[in-house]
Amino acid sequence: MKRHAAGTLGRADLGERVLLQGWVHRRRDLGGLVFIDLRDRSGIVQVVVRPEEHPELSEVVDPVRNEWVLEIEGEVAERSAGNVNPDMATGEVEVNADRAVILAQSEPLPLEGDATEETRLRYRYLDLRRPEFQRNLMLRHRVTLETIEHFDEQGFVHIETPILTRSTPEGARDYLVPSRVQKSTFYALPQSPQLFKQILMVAGLERYVQIARCFRDEDLRAERQPEFTQVDVEMSFPSEDELFALIEGLFARIFPLGGIEPEVPFPRLPYSQAMARFGSDRPDLRFELEIVDLTEVLGDSEFRAFRKTVSDGGTIRGFGIPDAAGASRKQVDGWASIAQSHGAAGVLTLRRQNGETVFGVKDVLSEGELEKATELLGLEEGGMALLVAATSSVAAASLGALRVELARHYELIPEDEHSFVWITEFPLLEWDDRSERWFSCHHPFTSPDPRDLHLLDSDPGSVRAQAYDVVMDGVELGGGSIRIHDRQLQERMFEVLGISREEGRERFGFLLDALRYGAPPHGGLALGLDRIIMLMAGTSSIRDVIAFPKTTSATCLMTDAPSAVDTGQLRELGISLLEPGPDDKAKS
RNA sequence: GGGGUCGUAGUUCAGUUGGUUAGAACGCCGGCCUGUCACGCCGGAGGUCGCGAGUUCGAGUCUCGUCGGCCCCGCCA
């Protein structure tokens with residue numbers, strides 16, 4: 001007999017003989033009557049065992065406990081009116097069992113629904129049994145399929161690129177894999193298939209897509225794992241508009257699977273504006289709290305901290321929050337420490353109460369200054385503004401973080417709304433004080449904006465890139481750029497980045513070579529699949545949409561990876577350890 | 001690398017100013033129960049208070065160190 005899906009049974013199956021196989025979700029033994037909620041991937045159905053009618057069956061079922069695996073045969077029956085369970089998808093019916101086989105026993109689970117994440121990660125296979133996890137993984141499956149199909153329809157080809165590749169020590173730290181055959185050399189796991197996809201364009205594939213695993217040996221966050229999945233895209237002869245439309249089309253197709261209907265096309269916001277108005281290159285636009293520049297208005301005030309900041313080239317910025325004037329000293333202190341963690345000295349408040357604006361520090365601002373600030377901040381009765389005086393980047397970072405914190409605190413975020421936005425015109429380069437050189441904001445193959453090309457030598461910091469990010473609800477979902485396809489320009493970029501001719505040859509020679517043989521204009525982007533699913537599933541950590549994620553210290557609690565290896569393996573690789581491992585048992 | 005927070009029964013937690021035998025719920029074990037659906041009722045077992053030092057007559061509680069989970073900063077071209 002064919003196996004039936006427990007969660008799909010209903011009135012349509014009345015009188016049907018069914019075979020069920022699944023887990024005992026819960027067992028209720030009333031003595032002369034036993035109920036078993038049997039669960040499989042599709043859901044749960046109630047099975048009834050009547051010892052009086054089937055004594056032999058009763059004997060089988062008697063020792064059964066939660067999470068044992070059973071095979072049940074029986075007939076689908078209607079529940080009498082008073083016994084219907086309206087909270088259950090299959091609540092109108094039940095299965096009268098006449099045969100039962102124990103397929104597997106189970107010890108009591110070391111885990112309940114509300115277990116700590118540590119316990120849940122150790123017994124991941126048990127946690128994954130929970131319906132919400134199964135839903136998340138099935139959603140991920142669906143989105144992956146739809147994504148590949150979307151790109152297929154647009155003429156893209158799914159191509160796999162190497163996992164064992166070469167280290168390109170610009171950017172994130174590489175995961176290294178020692179070569180046994182070539183002693184003392186290492187492969188690196190790809191941080192992204194960047195160079196390969198560009199080379200595929202040179203190879204004439206024109207349109208490439210890959211569901212690609214990427215690896216970065218950097219510290220973790222709720223939305224960052226050492227290995228993660230990108231929807232990696234590259235196309236020849238592109239325009240930004242075409243690329244944007246392609247991704248908007250994808251989002252319009254996949255997000256409804258999570259009950260979200262994006263409005264296309266997405267608005268576009270230049271990076272400089274995003275930083276100035278929202279203090280972030282991934283602004284959450286579901287709420288206002290827009291940042292205002294008060295340098296002009298307050299820079300000349302009696303308040304010494306303001307004067308000093310401005311004379312040192314800094315700025316004074318802030319934003320107003322309606323109905324926040326009643327915030328306690330303790331709350332403001334908490335916000336100050338958020339600003340401090342981003343490098344600011346603290347925060348200052350402006351409160352609008354009883355028709356006048358009061359600054360946190362008494363008697364240092366003139367009435368005119370207060371008036372102008374009130375107007376610029378849009379402060380109304382009962383409102384409060386938080387101000388930060390600092391360098392432009394510290395002010396932006398602090399206020400950007402506070403903007404999100406305050407919106408959460410005052411519940412200004414409409415959780416059922418969503419905002420998609422393209423952040424465009426990223427800077428090409430960023431100065432690093434420590435190593436005293438320019439670094440690429442995106443990567444060294446990003447094309448400068450042709451309009452700014454003439455500034456490349458005279459004022460590299462103000463050159464814009466043909467680079468863009470796509471952002472949803474304050475989360476960066478992906479980013480990309482139009483690439484350099486001209487060898488001379490690429491070599492010039494290396495020069496600006498302080499990468500010598502020899503160095504460039506050694507690290508990226510194959511790309512430079514490829515660019516000599518008719519490289520088409522090309523560009524693309526990569527989307528963080530884990531983050532997309534996370535937002536669709538409505539969770540706040542990508543661990544919830546990855547079957548086997550790692551902890552914040554990059555370990556796997558289930559497998560205990562990474563682990564020490566025996567000395568024989570190391571010897572074969574020509575490796576000796578400077579420090580003994582954590583559980584170095586000197587296995588040999 | 002830095003900051004915050006948590007770690008007590010199989011699980012989730014409570015545990016007062018340091019003071020007798022460390023509690024609860026769920027789970028587990030035994031018994032009863034024919035319409036339950038978080039079934040109910042009666043009884044029982046279960047603890048290296050993450051680990052290691054220290055202070056003290058006495059430490060789950062205080063101090064230092066250490067390990068681990070989570071969040072954040074740095075980092076993530």
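Below, read A as the first sequence line, B as the second, and so on, with proteins coming before strands; counting in each chain starts at 1.
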Novice: Counting the atoms with a prime plus P, OP1 and OP2 as sugar-phosphate, which does A:Pro108 contact under 4.0 Å by heavy atoms, base, sugar-phosphate, or nothing?
Specialist: sugar-phosphate
Novice: Select base, sugar-phosphate, or nothing to describe what A:Glu107 touches, counting heavy atoms under 4.0 Å on all strands.
Specialist: nothing
Novice: Mark yes or no for a side-chain to base donor-acceptor pair under 3.5 Å between A:Arg224 and B:C75, with no hydrogen or angle criteria applied.
Specialist: yes
Novice: Given the structure, check if the side chain of A:Asn66 and the base of B:G27 hold any donor-acceptor pair shorter than 3.5 Å.
Specialist: no
Novice: Is the A:Tyr208-A:Phe196 ring centre distance short of 6.0 angstrom?
Specialist: no
Novice: Looking only at atom types and distance, does a side-chain atom of A:Arg403 sit under 3.5 Å from a main-chain N or O of A:Asp284, one as donor and one as acceptor?
Specialist: yes
Novice: Counting any heavy atom closer than 4.0 Å, what does A:Phe35 reach on the DNA or RNA strands: base, sugar-phosphate only, or nothing?
Specialist: base
Novice: Please answer whether the main-chain N or O of A:Val93 pairs with a side-chain N or O of A:Gln46 as donor and acceptor at a distance below 3.5 Å.
Specialist: no
Novice: What interatomic distance, in whole Å, is found between C1' of B:U56 and the corresponding atom of B:U61?
Specialist: 13 Å
Novice: Just checking A:Thr446: base, sugar-phosphate only, or nothing, at a heavy-atom cut-off of under 4.0 Å?
Specialist: nothing
Novice: NA contact type, A:Glu94, heavy-atom cut-off 4.0 Å: base, sugar-phosphate, or nothing?
Specialist: base
Novice: Determine yes or no for a side-chain-to-main-chain donor-acceptor pair under 3.5 angstrom, with A:Arg531 supplying the side chain and A:Glu223 the backbone.
Specialist: yes
Novice: Please determine whether any donor N or O and acceptor N or O are separated by less than 3.5 Å between the side chain of A:Arg27 and the base of B:C39.
Specialist: no
Novice: Looking for any heavy atom pair under 4.0 Å, which part of the strands does A:Arg65 touch: base, sugar-phosphate only, or nothing?
Specialist: sugar-phosphate
Novice: Does the side chain of A:Arg26 come under 3.5 Å of the side chain of A:Asn66 through a donor N or O and an acceptor N or O?
Specialist: no
Novice: A:Asn83 has a side chain; which of B:C76, B:G35, B:U12 sits nearest to it?
Specialist: B:G35
Novice: Identify which nucleotide among B:U11, B:G1, B:C39 has an atom closest to any side-chain atom of A:Thr119, counting heavy atoms from C-beta outward.
Specialist: B:U11
Novice: Assess whether atom CZ of A:Arg501 is packed by more than 12 heavy atoms of other residues, nucleotides or ligands within 6.0 Å.
Specialist: no
Novice: According to a strict under-4.0 Å criterion, is A:Arg221 in side-chain N/O contact with OP1 or OP2 of B:C73?
Specialist: yes
Novice: For B:C39, does either OP1 or OP2 sit under 4.0 Å from a side-chain N or O belonging to A:Arg28?
Specialist: yes
Novice: Go along nucleotides 65-70 of chain B 5' to 3' and tag each nucleotide: B for a protein heavy atom under 4.0 Å from its base, S when only backbone or sugar atoms are that close, - otherwise.
Specialist: ---SSB
Novice: By nearest nucleotide on RNA chain B, pick out whichever of A:Ser541 and A:Cys441 is the more 5' one.
Specialist: A:Ser541
Novice: Can you work out whether A:Asp114 or A:Gly31 has the more 5'-proximal nearest nucleotide on RNA chain B?
Specialist: A:Asp114
Novice: Could you give the distance separating B:A14 and B:G1 at their P atoms, to the nearest angstrom?
Specialist: 31 Å
Novice: Should the pair A:Tyr123 and A:Tyr125 be assigned to parallel (<30°), tilted (30 to 60°) or perpendicular (>60°) ring geometry?
Specialist: perpendicular
Novice: With a distance cut-off below 6.0 Å to the six-membered ring centre and an angular limit of 45° from the axis, does A:Arg224 pair with A:Phe228 as a cation-pi contact?
Specialist: no
Novice: At 4.0 Å (heavy atoms only), tell me whether A:Asp29 reaches a base, stays on the sugar-phosphate, or touches nothing.
Specialist: base
Novice: Could you state the CZ-P distance from A:Arg130 to B:A38, rounded to the nearest angstrom?
Specialist: 18 Å
